[in-house]
Each structure stands twice: as structure tokens, then as C-alpha cells.
Enquirer: 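What follows is a single structure, and I will ask about it in a moment.
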Amino acid sequence: MKSEGKSKNKFKKAIKISTAVVLLSTAVLSVIYRLPLCFESQNPAALAAAAFTLTNGEYRLENSKAKKPTDSGQKPTESADTEPIVQEKHKRDKSTYYDSYGNHDGENKYTVEERTIGDTGTQVDNCFVKNKTGLSLDFDGLLAAKLPFSIEKGINSPQVLIYHTHTSEAYLDEDVDFFYDSFYSRTNNNDFNVVAVGDALTEQLNKRGIKTVHDTTIHDESYNGSYDRSVDTVYKNLEKYPDIKVVIDLHRDAIGTDENKVKPVFTYNGKKGAQIMILAGCDSEGERGFDCWEENLNFALKIQDKAETLYPDMTRPLNFDYFAYNEYVCNGSLLIEVGTESNSIDEAVYSGTLLGNALADVLLGL
């Protein structure tokens, strides 16, 4: 009886081994058959299945057209044809600022009107200039002229300065078509003022490999004398960072009345942004000690044209008039206004990012 039982056990083991060999042979033959088909189809998912490879979620074929992950050590390669990376909406603290959706019982409610402002003045390539000087200038020639300074690539020293003469200029907290009596468009809460826009501009320039410093010194605790104080800040930065060639005074505008405010907007990739306005000063008689105004105008036209080419309707006509502000500090100094007090902070920050991309293209000669 015992020998009979042993014979049965040996027979069962033989059956199991034979079955395993058949299954394994079938699997191997299947893989040998399917691998050439997968390479022929260039289907990486099929290849992974056929080859029975389980990885950390990544797989690649040598001839695959799929985009390979970017090495974190590589330098940014954004160009005029790529959209800048926009960070997710930042959660802002309204506890020290106006809240559109807060309790406004007993307050009067007023209107915010959206407009897209453009196509007025003198057309220069893809953009427009509002010439208030009365001078007859060759704007096309100025636009085509070489940039009067150059950015050095690869140096670890700031070459761009962003600052704010009116640091407390602020925006609406939300994208709304109304405001109440309690809305006051100045604050030192940097979640809602031009500092947030300057942060976005600075971040984008740094991503493009142009080292930028953002000075957030408050100059407008008293409105009078704010330009005198801010130019002192500029000179301190120029002394500290002698490689700075571009100086941008970032503001926001105000359009409308106490009861009906206007916010200038444009749309890019389905997202609403605040229109920008570049101010380029003039000193044709030499009264302001502003000898480099034509070079500044050259720079302004290049930014205006590039921004309008990349992001149509982003710019209001360039404001060219007899003023200096702090633009005399160097031949790459401009005043740029991003939106108005009735644009939302998110619209303004979005435009700050796009402006950074356009400015980087100009500085890199793209």
C-alpha cells in the first residue's frame, strides 16, 4: 500500500512539473512574438506589458518621441514660443485688508467696468504709442535699433532691479464687478499690493536665468517726496550691485471715478490678466538732466512690441511724454503700471509673470 501511494505522489509531481514547463514555454514564446510588434508600434505601454517590467512609474524607449523628464540641474530653456509657468493661486490673508464678500451692511455699492484699452495713437510694428510730446520721431527706427546695453549670461550677480516708488498701491481682492465704500486701494499687506506683482516678475526673470533683485522698501508712507526716497533706494542698489543694467519701477494705475472704476483686461490662454502700460519719458531740451531718454524709449518700445506679440492686447498704448520720474538713473530704466486699483490681485500677478517672460525675451535677444 505504501509503495502504491508513493507512485501516485510521483505521478502528481510529474504532472505539475510538466504543466509548469508548458506554461513557462508559452509565456516565453509570447514575449518573443510580441516584443517586435511593440517596438514596431512604438507603444511604450505595450512594451512595458510585453516585457513584464514594473518600474517606479517611468519607462522610455530609445526611439520614443515622448518628452523625457527634465533634469532638475538643467537651465531653463523657455523662449518666446513657450508659456511661462504660473504658480497655483496663492492663498492670501484678508484679515488686514478689504474683503469683497465680507459684511458690507449699510455701505453703498458701486460698479467696476471691464475694458480692453488699445489700438490708439501711432502704430509701431505690433504695438501702439501715445505720443504726447508733439515731437516727430522715427519710432520704427528706434524699435529696430540695437538695445543700448546687454545682459551677460551665466553671471551670479543681479542685472535687473525691481522696486516700487508707491509700494502700497493695491488691487481688489477678487475678480468682481462691484466695490463698496470701505474699499481703500492702498495697503502694506504685500498679498494685495504691487509687491506681489513684483515678486511674480522677479521670479519669472530668475527662472529665465536673469538674476534679479526685488527691493520692497516702502517709499510712500507720505506720498510727497516718494520719488526722492525711491531714487535713493535705486542708487544704493546700483552701488551694491554694479552689474545692474535694468531698473523697473513697478506701479499700478487708477481709472474711473469714485462710483465707477475701470479695470483694463486682456485674455491669454483663457485666463484674464491686467493690461500693462509702459511710461517712457522725454527731455528733448535737456531741462531734466535726462540725456538717455531716447535709449530708454528704445528699450520701452522693444518690451511693448514683444509683450504685444506674445500676448495680444496685453498692453495699453505706450505713454511717451515730457516727464523723467526716476528714469534718468540709467538707459534701461522704465516705469511700468500693471492694471488699476479695480483689477483683481490675481489678474495683476498673472500679468507680472507674463511681463517677466516678455522682458526676458528682450534682454536675451529672442
Side-chain angles (χ1 to χ4, degrees), residues 80 121-133 135 137-153 158-165 198 201-202 204-205 208-214 230-231 234 237-238 241 243-251 276-284 288-311 314-338 351-352 354-366:
T122 302
Q123 184 167 2
V124 184
D125 197 38
N126 292 322
C127 63
F128 285 84
V129 177
K130 188 176 287 186
N131 182 4
K132 300 179 181 179
T133 66
L135 296 174
L137 293 178
D138 180 9
F139 289 109
D140 290 293
L142 280 168
L143 173 61
K146 184 179 178 181
L147 198 65
F149 55 86
S150 61
I151 292 295
E152 295 180 51
K153 298 179 182 179
Q159 298 182 78
V160 177
L161 169 66
I162 310 298
Y163 75 104
H164 314 277
T165 294
L201 173 57
T202 301
Q204 188 63 24
L205 287 170
R208 295 290 302 274
I210 302 170
K211 189 155 186 181
T212 302
V213 60
H214 182 198
S230 69
V231 79
V234 171
N237 278 280
L238 291 176
Y241 307 112
D243 290 320
I244 287 177
K245 300 177 179 68
V246 175
V247 178
I248 303 294
D249 188 2
L250 207 62
H251 291 246
I276 69 169
M277 181 170 68
I278 302 173
L279 282 73
C282 178
D283 189 17
S284 62
R288 298 172 176 80
F290 184 12
D291 298 330
C292 60
W293 66 268
E294 286 189 80
E295 294 179 326
N296 290 65
L297 179 57
N298 164 291
F299 184 35
L301 285 167
K302 289 184 187 304
I303 300 172
Q304 180 89 2
D305 193 57
K306 177 63 70 172
E308 198 61 30
T309 300
L310 292 177
Y311 315 114
M314 179 179 178
T315 66
R316 294 162 57 190
L318 189 153
N319 186 347
F320 176 57
D321 202 352
Y322 283 107
F323 52 71
Y325 297 119
N326 293 341
E327 294 184 355
Y328 54 84
V329 296
C330 67
N331 58 6
S333 178
L334 294 171
L335 191 156
I336 302 179
E337 294 184 338
V338 179
S351 292
L354 300 184
L355 173 60
N357 205 43
L359 178 55
D361 273 12
V362 170
L363 296 177
L364 296 174
L366 300 177

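Both backbone and side-chain heavy atoms feed into the values below; hydrogens, waters and symmetry mates do not.
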Enquirer: Should Thr212 and Gln159 count as side-chain neighbours, where that means a heavy-atom distance under 4.5 Å?
Expert: no
Enquirer: What pair of heavy atoms forms the shortest contact from Asp283 to Phe290, and how long is it?
Expert: OD2-N, 2.9 Å
Enquirer: Can you list every salt bridge (charged side-chain N to carboxylate O under 4.0 Å, His left out) pair that touches residues 316-331, not counting sequence neighbours?
Expert: Asp253-Arg316
Enquirer: Within the distance-only criterion (no hydrogens, no angle test), does the side chain of His214 pair as donor or acceptor with the backbone N or O of Ile162 below 3.5 angstrom?
Expert: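 No; zero donor-acceptor contacts below 3.5 Å.
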Enquirer: Apply side-chain contact (heavy atoms from CB on, under 4.5 Å) to residues Leu355 and Ile303 and explain how you reach the verdict.
Expert: CA-CA 8 Å; Leu355 173 60; Ile303 300 172; 4.1 Å; yes
Enquirer: Using the rule given for side-chain contact (heavy atoms from CB on, under 4.5 Å), can you reason through Ser284 versus Tyr322, listing the C-alpha separation, both sets of side-chain angles and the distance that settles it, and then say yes or no?
Expert: CA-CA 8 Å; Ser284 62; Tyr322 283 107; 3.1 Å; yes
Enquirer: Any side-chain donor-acceptor pair under 3.5 Å between Thr165 and Asp249?
Expert: yes
Enquirer: Test side chain to side chain donor-acceptor pair (under 3.5 Å) on Asn126 and Thr309 and set out the steps.
Expert: CA-CA 6 Å; Asn126 292 322; Thr309 300; 2.9 Å; yes
Enquirer: Is there side-chain contact between Leu297 and Phe139, with at least one heavy-atom pair below 4.5 Å?
Expert: yes
Enquirer: Rounded to the nearest 0.5 Å, what separation is found between the CG atom of Leu135 and the CG atom of Leu137?
Expert: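 CG of Leu137 is found 5.0 Å from CG of Leu135.
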Enquirer: Is the shortest side-chain heavy-atom distance between Asn298 and Leu147 below 4.5 Å?
Expert: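 Answer yes - side chains close enough.
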Enquirer: In Å, rounded to the nearest 0.5 Å, how long is the span from CD1 of Ile248 to NE2 of His164?
Expert: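 Reported value, rounded in 0.5 Å steps: 11.5 Å.
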Enquirer: Donor-acceptor pairs are to be reported for all side-chain atoms of residues 328-337 against protein atoms at under 3.5 Å, with residues two or more places apart or in another chain.
Expert:
unit_1 : atom_1 : unit_2 : atom_2 : d
Asn331 : ND2    : Glu295 : OE1    : 3.2
Ser333 : OG     : Asn326 : O      : 3.4

Enquirer: For the residue pair Arg208 and Asp361, establish whether any side-chain heavy-atom pair is separated by less than 4.5 Å.
Expert: yes
Enquirer: What is the minimum heavy-atom distance between Trp293 and Gly281, and which atoms define it?
Expert: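 Scanning both residues, the minimum pair turns out to be CB-O, 3.6 Å.
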Enquirer: More than 12 non-hydrogen atoms from neighbouring residues, nucleotides or ligands closer than 6.0 Å to CG on Asp291, yes or no?
Expert: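 Open.
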Enquirer: Under the 3.5 angstrom rule, does the side chain of Lys302 hit a backbone N or O of Ala145 as a donor-acceptor pair?
Expert: yes
Enquirer: With rounding to the nearest 0.5 Å, note down the distance linking CG in Leu142 to CG in Leu301.
Expert: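 Leu142 CG to Leu301 CG: 6.5 Å, rounded to 0.5 Å.
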Enquirer: Quick one: pull up CG in Leu201 and CG in Leu359 and give me the separation to the nearest 0.5 Å.
Expert: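 Here the interatomic distance stands at 6.5 Å.
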Enquirer: Please list, chain by chain and in numerical order, all residues satisfying ring pair (Phe, Tyr, Trp, His ring centres under 6.0 Å) with Phe128, sequence neighbours excluded.
Expert: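 Listed in chain order: nothing, the list is empty.
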Enquirer: Nearest 0.5 Å, what's the CG-OG distance between Leu364 and Ser150?
Expert: 11.0 Å
Enquirer: Taking the side chain as every heavy atom from C-beta outward, state whether Val213 and Ile244 have any atom pair closer than 4.5 Å.
Expert: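 Side chain of Val213 against side chain of Ile244, heavy atoms only: contact under 4.5 Å found.
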Enquirer: Can you tell me if Asn131 uses its side chain to pair, donor with acceptor, with the backbone of Thr122 under 3.5 Å?
Expert: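 No.
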Enquirer: Output all residues satisfying side chain to side chain donor-acceptor pair (under 3.5 Å) with Thr315, sequence neighbours left out; order by chain, then residue number.
Expert: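 Result, side chain to side chain donor-acceptor pair (under 3.5 Å) vs Thr315: Gln304, Glu308.
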Enquirer: Under the rule for ring pair (Phe, Tyr, Trp, His ring centres under 6.0 Å), what residues qualify as partners of Phe149, not counting sequence neighbours?
Expert: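 With neighbours one apart ignored, the set is Phe299.
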Enquirer: Within the 4.5 Å heavy-atom criterion, are Leu363 and Val160 side-chain neighbours or not?
Expert: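 A side-chain contact under 4.5 Å exists here.
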Enquirer: Could I get the full list of salt bridge (Lys or Arg N to Asp or Glu O under 4.0 Å) partners for Asp305, not counting sequence neighbours?
Expert: none
Enquirer: To the nearest 0.5 Å, how far apart are CD in Gln204 and CD1 in Ile210?
Expert: 10.0 Å
Enquirer: Decide yes or no for Phe320 and Thr133: does some side-chain heavy atom of the first lie under 4.5 Å from some side-chain heavy atom of the second?
Expert: yes
Enquirer: Are the side chains of Leu318 and Cys127 in contact, using a 4.5 Å heavy-atom criterion?
Expert: no
